[in-house]
**Q** 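To start, I am sharing the structure in question, which I have written as structure tokens.
Just so we're on the same page: letters track the sequence lines, and every chain starts at 1.
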There are 4 protein chains.
Amino acid sequence: MPEDGTETPRTRLVTEGEFAGWRYWPGDAFEVHTGPFYFRAEDDRSTRTAFRVASHHINGGGAVHGGCFMTFADYSLFAIAEAALQGGRGVTISMSGEFVGPAFEGDLIEGSGEITKAGRSLIFVRGTLSRKGEPVYTYSGVIKRISAPHI
Amino acid sequence: MPEDGTETPRTRLVTEGEFAGWRYWPGDAFEVHTGPFYFRAEDDRSTRTAFRVASHHINGGGAVHGGCFMTFADYSLFAIAEAALQGGRGVTISMSGEFVGPAFEGDLIEGSGEITKAGRSLIFVRGTLSRKGEPVYTYSGVIKRISAPHI
Amino acid sequence: MPEDGTETPRTRLVTEGEFAGWRYWPGDAFEVHTGPFYFRAEDDRSTRTAFRVASHHINGGGAVHGGCFMTFADYSLFAIAEAALQGGRGVTISMSGEFVGPAFEGDLIEGSGEITKAGRSLIFVRGTLSRKGEPVYTYSGVIKRISAPHI
Amino acid sequence: MPEDGTETPRTRLVTEGEFAGWRYWPGDAFEVHTGPFYFRAEDDRSTRTAFRVASHHINGGGAVHGGCFMTFADYSLFAIAEAALQGGRGVTISMSGEFVGPAFEGDLIEGSGEITKAGRSLIFVRGTLSRKGEPVYTYSGVIKRISAPHI
């Protein structure tokens with residue numbers, strides 16, 4: 001629906017439910033499969049991301065799987081960097097993080113972060129995933145701008 | 001089925017198909033959902049992990065999603081550390097890695113790695129995910145031994 | 001000189017020069033040799049660290065050496081964690097970071113950061129080194145509490 | 001002394017003492033100040049690095065300072081990447097690592113490692129610092145090729 005300004009070729013707007021007003025990337029199969037994950041640009045130009053923990057996000061110990069947090073952090077990395085990418089593509093070249101607290105089914109996980117440097121070839125991002133206002137995963141990542149779809 | 005030695009309370013043996021002879025953890029919902037991922041103890045006491053890239057592992061650029069590699073690396077972390085955990089539980093406290101090459105639908109991704117230190121409270125692991133013998137993701141992670149299921 | 005409250009067995013107060021009012025650890029040979037580095041507890045209970053770039057901090061390209069930033073970040077890690085350590089000792093078990101900008105001889109480098117989790121055995125810290133208000137190095141690290149001086 | 005082939009504009013050969021036959025970069029003030037650190041190309045085209053722990057490398061707990069290991073690892077990063085840099089310059093953009101064991105004054109620290117990918121703009125390196133054949137620090141880093149001396 002490009003006519004109403006709510007859609008771009010790459011993102012889609014959620015129109016109902018808990019995440020009405022948030023966006024996602026429908027063309028990313030792994031994110032659609034592991035999510036659903038959402039992002040939203042705030043009035044202060046910051047970006048927020050969020051998801052609701054479902055039963056398929058849980059590990060063998062009953063908490064959110066580390067891979068789920070890392071996948072959502074990688075998603076958040078691109079949500080945060082989206083303006084800096086200016087419509088161009090990017091690939092993650094490195095990412096590191098610390099698991100500082102658990103989360104459980106039914107929890108709302110919220111992501112925030114910042115670009116620490118947007119260079120000509122590399123974009124550096126740092127972020128936090130939180131549950132009830134307390135950090136559960138802290139991370140940093142580096143995105144390389146690319147023109148072609150793959151490195 | 002403990003009577004035939006092929007099952008433990010936590011792992012299950014694959015008996016047919018491409019990964020016959022490999023094991024997995026059926027009790028981990030996120031890994032079952034994002035995988036299937038497999039591991040196998042080799043005769044030389046090393047551990048190998050593997051998965052076949054399916055359509056749900058792919059990102060918006062047509063390659064394996066970074067979150068998929070990180071999830072499989074976190075899975076591999078525990079496969080490599082399993083003997084050192086001696087039946088006890090562990091949680092990942094940190095993980096970092098570099099995306100050094102792409103992979104595509106249909107590829108076989110193989111994981112190898114090593115324990116660099118198994119201490120009383122922490123286990124340090126380093127590993128590599130490869131495609132056709134070339135690294136696609138290199139990582140290191142730290143596991144904390146725990147007695148209870150959650151930190 | 002414990003009678004005047006300005007000394008503890010482990011830290012010493014600077015009484016003159018640019019860093020008057022700041023503290024350092026005189027018993028750490030590597031930090032004394034590579035620094036001098038300083039820290040100060042602020043009224044808001046945050047911790048600041050700082051050093052002035054000298055000629056011996058410079059690499060072959062004319063900028064501050066990455067090893068200097070990492071050493072000062074490791075120093076900052078313990079300055080930030082000092083209250084949480086409650087007089088106990090700790091060792092760094094992992095640290096990662098990104099070099100997001102250069103700095104040069106004569107620059108003032110300032111460090112800030114936060115504890116993201118202080119657990120019973122592990123303390124997680126994240127910080128930023130800045131030059132003229134812009135980040136030059138962002139990092140995170142994990143400290144393990146220990147009772148004995150070495151692991 | 002370019003006439004005898006043992007010197008290049010950037011490296012210098014050690015001709016006597018414990019590290020006779022090894023090289024270093026005399027133009028890097030921080031490395032000269034914190035070292036001395038050495039590197040050597042082996043017949044199998046791998047690169048080894050080494051240093052002997054002196055009193056100025058020690059932290060307040062009596063062991064080698066983490067900043068010393070990280071500085072030597074950053075040094076080793078460039079020693080390992082030297083052939084791939086083909087005479088061009090590079091800067092470290094990120095580095096992460098784990099401290100898996102202590103080392104003490106008098107110890108010989110040896111470094112080994114490998115390039116996991118040498119791309120057009122980025123070089124990925126992974127390495128290990130060891131003491132008596134056991135790892136004390138494991139790390140990975142990313143170098144960005146640059147033409148000018150600074151980013």
Side-chain angles (χ1 to χ4, degrees), chain C residues 10-11 25-35 37 53-75 77-78 89-105 136-144 146 148-151, chain D residues 10-11 25-35 37 53-78 89-105 137-144 146 148-151:
Chain C
R10 291 163 65 186
T11 72
W25 288 290
D28 192 301
F30 189 70
E31 293 173 359
V32 168
H33 183 74
T34 55
F37 301 138
V53 179
S55 59
H56 66 274
H57 297 133
I58 300 302
N59 67 16
V64 173
H65 195 287
C68 177
F69 279 155
M70 291 190 286
T71 297
F72 181 59
D74 191 29
Y75 173 96
L77 203 68
F78 281 84
R89 302 198 75 93
V91 292
T92 309
I93 60 157
S94 65
M95 207 175 122
S96 65
E98 299 81 34
F99 299 90
V100 296
F104 307 99
E105 189 173 345
V136 292
Y137 182 64
T138 56
Y139 69 93
S140 59
V142 184
I143 291 172
K144 182 183 172 188
I146 51 167
H150 312 134
I151 24 174
Chain D
R10 290 163 66 185
T11 70
W25 289 290
D28 192 299
F30 188 71
E31 292 173 359
V32 168
H33 182 74
T34 55
F37 301 138
V53 178
S55 59
H56 66 274
H57 297 133
I58 301 300
N59 69 15
V64 173
H65 196 288
C68 177
F69 279 155
M70 292 191 284
T71 297
F72 181 59
D74 192 28
Y75 174 95
S76 300
L77 205 66
F78 281 84
R89 299 198 77 94
V91 292
T92 309
I93 61 157
S94 65
M95 206 173 122
S96 65
E98 300 80 34
F99 299 91
V100 296
F104 307 99
E105 189 173 344
Y137 181 65
T138 55
Y139 68 92
S140 58
V142 184
I143 291 172
K144 183 184 170 187
I146 51 167
H150 314 133
I151 22 174

**Q** Picking from D/M70, D/H33, D/E31, which has the most non-hydrogen pairs under 4.5 angstrom with chain C?
**A** D/H33
**Q** Over 60° means perpendicular and under 30° means parallel, so tell me whether C/F30 and D/H57 are parallel, tilted or perpendicular.
**A** tilted
**Q** Which one, D/T138, D/L77, D/D74, D/V64, leads in non-hydrogen pairs under 4.5 Å with chain C?
**A** D/D74
**Q** Is C/S140 in contact with chain D via its backbone, its side chain, both, or neither, using a 4.5 Å heavy-atom distance?
**A** neither
**Q** Would you say the side chain of D/I143 lies within less than 4.5 Å of the side chain of D/F78, judging by non-hydrogen atoms?
**A** yes
**Q** Is a side-chain N or O of C/H65 found less than 3.5 angstrom from the main chain of D/D28, in a donor-acceptor match?
**A** no
**Q** Report the residues that fulfil side chain to side chain contact (heavy atoms under 4.5 Å, CB included) with D/S94, sequence neighbours left out, ordered by chain and then residue number.
**A** A/S94, C/E98, D/V142
